Amino acid sequence: MTMTRSPRSVRQHAVLGSALAATLLLSGCGAEVETDAKASKKVTVKRCGEPVEYTVPQRAVAYEGGSADKLFSLGLVDHVHGYVMPPANPPVEESPWASDYAKVKMLSKDLLNKELVVEAKSDFVLAGWNSGFKDERGITPEILDKLGIQSFMHAESCFNYPKYPEKLTPFEALYTDLDRLGKIFQVEDKADEVVGGLKKRVEAVRAKAPKGDPVPVFLYDSGTDQPFTAGNQVPPNDIIKTAGGKNVFDGLDQRWTQVNWEAVAEAEPEVIMILDYGDLPAQKKIDFLKTSPHTKGLPAVKKNNFFILDYNEGVSGPRNIDGLEKFAKYLGELKS
């Protein structure tokens, strides 16, 4: 049976439909206005010790895995234009955020530079002081400020930043970066969640750390004539300490620094932590330590006590806590 609507019901339906359409249109505009307002809202956040005003970046460029990991861990892939990944970094396919890396551009396999950032039309650059940003390389926050490009530096690298230094323990610096990036990108709740999760994992390791005298640990980064190692201002120091060891160069108020083999021999490390580079593999370093007259007699070498720390577990980023958990497991098995 065919049903026909009365003119009145048709008219009512049309009015209701128009009202609904208007409501949807208005709410859609409201969402857009809200998004635009969020994007244009300015927040003041510290860049090292300097208060800086930021708007929400839309075309961020990250230098190295630690920077990109921080952004991806906060769910910010849609705000990342691309990344710069020099040879020392392991393949991005090995990252817990490999799927996010695949969604953005790999801009260069070389060092960070001003021309690359300008060409990418970036509105935000994340890197460390003296690693990505450097006077000698012609790319610093001050230079980018003059170009109208926002920038942010890892707090862990602010130890010797001119004019605005900031000194935090490495893990505290990691939490601080995530908190500050959360404010800049206006994802504070996500930042709180991520930092809370990392802190819980750190405390779980600390609670199970072996008791008694801490195991002396030497981090070997590189160098044959003189070794390059970790002072107390870089993540491996906190990794070693939290897991129940003691960095033999914990007394050096430095980041990555050069020492001499005599000081290493005098410290008698029981464990050697090897920082594994993409372009300087761990096995080559181990082979050197086993044959060098400076190191072949060290307790760690004689006992074959080598722990390999992935590059992105050793530089500031969320993977520091992965490295901590792995090293804690290694130390636990060594002491059992």
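The structure presented is a predicted model; accordingly, all values stated were derived computationally and were not measured.
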Side chain to side chain contact (heavy atoms under 4.5 Å, CB included), paired with Ile184, selected from Val56, Val45, Leu126: Val45
In short, Pro318 meets Leu174 closest at the heavy-atom pair N-CD1, 3.9 Å
Sequence neighbours excluded, the answer for ring pair (Phe, Tyr, Trp, His ring centres under 6.0 Å) partners of Phe152 is none
Sequence neighbours excluded, which residues qualify as ring pair (Phe, Tyr, Trp, His ring centres under 6.0 Å) partners of Phe159? none
When you measure from the side chain of Thr291 to the backbone N and O of Asp287, does any donor-acceptor pair fall under 3.5 Å? yes
All heavy atoms of Ala209 vs all of Ala243, minimum pair found to be CB-O, 3.7 Å
Donor-acceptor pair, side chain of Asp123 and main chain of Ile149, under 3.5 angstrom: no
Between atom CG of Asp135 and atom CD1 of Ile143, what is the distance when rounded to the nearest 0.5 Å? 6.5 Å
Side-chain contact, heavy-atom cut-off 4.5 Å: Glu270 with Pro299? yes
Report yes if some heavy atom in the side chain of Pro227 is under 4.5 Å from a heavy atom in the side chain of Trp261; otherwise report no. yes
Please check if the number of heavy atoms outside Glu266 that lie under 6.0 Å from its CD is greater than 12. no
Would a distance-only check, ignoring hydrogens and angles, find a side-chain to backbone donor-acceptor pair under 3.5 Å from Arg137 to Asn113? no
I need the minimum non-hydrogen distance between Ile239 and Glu313, along with the two atoms involved. CD1-O, 3.4 Å
Spatial distance of atom CD (Glu50) from atom CE (Met153) [nearest 0.5 Å]: 7.5 Å
How long is the gap from CG on Leu71 to CG on Asp78, to the nearest 0.5 Å? 12.0 Å
If you count the non-hydrogen atoms of other residues, nucleotides and ligands that lie under 6.0 Å from CD in Glu136, is the total more than 12? yes
Assess the side chains of Arg47 and Ser151: does a donor N or O sit below 3.5 Å from an acceptor N or O? yes
Do Leu181 and Tyr164 share a hydrophobic cluster, counting only Ile, Leu, Val, Met, Phe, Trp and Tyr and linking them when any side-chain heavy atoms are less than 4.5 Å apart? no
Got His81 and Leu107 here, is their nearest side-chain heavy-atom distance under 4.5 Å? yes
Assess the residue pair Lys290 and Lys296 against the criterion (side-chain contact (heavy atoms from CB on, under 4.5 Å)); give the C-alpha distance rounded to whole Å, side-chain angles, the decisive distance to 0.1 Å, and a yes or no. CA-CA 5 Å; Lys290 285 183 173 181; Lys296 63 182 182 181; 5.8 Å; no
Could you go through the salt bridge (Lys or Arg N to Asp or Glu O under 4.0 Å) check for Glu119 and Lys105 one step at a time? CA-CA 13 Å; Glu119 189 178 329; Lys105 291 185 178 181; over 6 Å; no
Taking all non-hydrogen atoms of both residues into account, name the closest pair between Ala230 and Phe249 and its distance. O-CB, 3.8 Å
Tell me, with the steps shown, if Ser316 and Lys70 meet side chain to side chain donor-acceptor pair (under 3.5 Å). CA-CA 9 Å; Ser316 184; Lys70 285 175 184 176; 2.9 Å; yes
With a 4.0 Å cut-off, would you call Asp276 and Lys285 a salt bridge? no
Are there more than 12 heavy atoms of other residues, nucleotides or ligands under 6.0 Å from atom CD of Gln226? yes
Are the side chain of Asp69 and the backbone of Gly317 linked by a donor-acceptor contact shorter than 3.5 Å? no
Evaluate the criterion side-chain contact (heavy atoms from CB on, under 4.5 Å) for residue pair Lys46 and Thr176; output intermediate values, then yes/no. CA-CA 10 Å; Lys46 279 190 176 182; Thr176 298; over 6 Å; no
Under 3.5 Å: donor-acceptor pair, side chain of Asp110, backbone of Pro86: no
Given side-chain contact (heavy atoms from CB on, under 4.5 Å), test Tyr161 with Asn130 step by step and report yes or no. CA-CA 8 Å; Tyr161 179 55; Asn130 272 341; over 6 Å; no
Just checking, any donor-acceptor pair under 3.5 angstrom between side chains of Asn89 and Lys109? no
Could you tell me whether the side chain of Leu219 reaches within less than 4.5 Å of the side chain of Val217, counting heavy atoms only? no
Rounded distance (nearest 0.5 Å) linking atom CG of Asp192 with atom CG of Asp179: 6.5 Å
Is Leu252 reachable from Ile272 through a run of I, L, V, M, F, W or Y residues, each pair having side-chain heavy atoms under 4.5 Å apart? yes
Tell me which pairs pass ring pair (Phe, Tyr, Trp, His ring centres under 6.0 Å) where either residue lies in residues 91-113, with sequence neighbours left out. Phe72-Tyr101, Tyr83-Tyr101
I'd like to know if the side chain of Asp177 and the backbone of Ala155 have a donor-acceptor N/O pair within less than 3.5 Å. yes
Using a 3.5 Å distance criterion without hydrogens, assess whether the side chain of Arg59 forms a donor-acceptor pair with backbone atoms of Lys121. yes
Please give me the minimum heavy-atom distance between Val205 and Thr242, naming the atom from each residue. CG1-O, 4.0 Å
If the threshold is 4.0 Å, N to carboxylate O, is there a salt bridge linking Asp253 and Lys167? yes
Phe307 vs Leu334, test: side-chain contact (heavy atoms from CB on, under 4.5 Å). Steps then yes/no. CA-CA 11 Å; Phe307 175 83; Leu334 201 65; over 6 Å; no
Flag side-chain contact, heavy atom, 4.5 Å: Tyr54 against Phe124: yes
Sidechain-backbone polar pair: Thr295 side chain, Leu289 backbone, donor-acceptor under 3.5 Å: yes
To the closest 0.5 Å, what do you measure between OG1 (Thr169) and NZ (Lys241)? 7.0 Å
If two hydrophobic side chains count as joined below 4.5 Å and joins carry through other members, does Val84 share a cluster with Leu144? yes
Quick one, Ser222 and Leu280 - any side-chain contact, counting heavy atoms below 4.5 Å? yes
Check whether any side-chain heavy atom of Tyr220 lies under 4.5 Å from a side-chain heavy atom of Val264, and answer yes or no. no
Atom CG of Asn304 with >12 non-hydrogen neighbours under 6.0 angstrom: yes
CG of Leu178 to NZ of Lys190: how many Å apart, nearest 0.5 Å? 11.0 Å
Geometric class of the Tyr330/Phe327 ring pair [parallel <30°, tilted 30-60°, perpendicular >60°]: parallel
For residues Arg319 and Asn312, report the shortest heavy-atom separation together with the two atoms involved. CB-O, 3.3 Å
Tell me whether the rings of Tyr277 and Tyr311 are parallel (<30°), tilted (30 to 60°) or perpendicular (>60°). perpendicular
With a 4.0 Å cut-off on N to O distance, would you call Lys326 and Asp322 a salt bridge? no
In terms of hydrophobic clusters joined by side-chain contacts under 4.5 Å, are Val92 and Leu76 together? yes
Are the charged groups of Lys199 and Glu203 less than 4.0 angstrom apart, N to O? no
Answer yes or no: is there a side-chain heavy-atom contact under 4.5 Å between Leu112 and Val125? yes
Within one Ile-Leu-Val-Met-Phe-Trp-Tyr cluster: Trp256 and Phe218, side-chain cutoff 4.5 Å: no
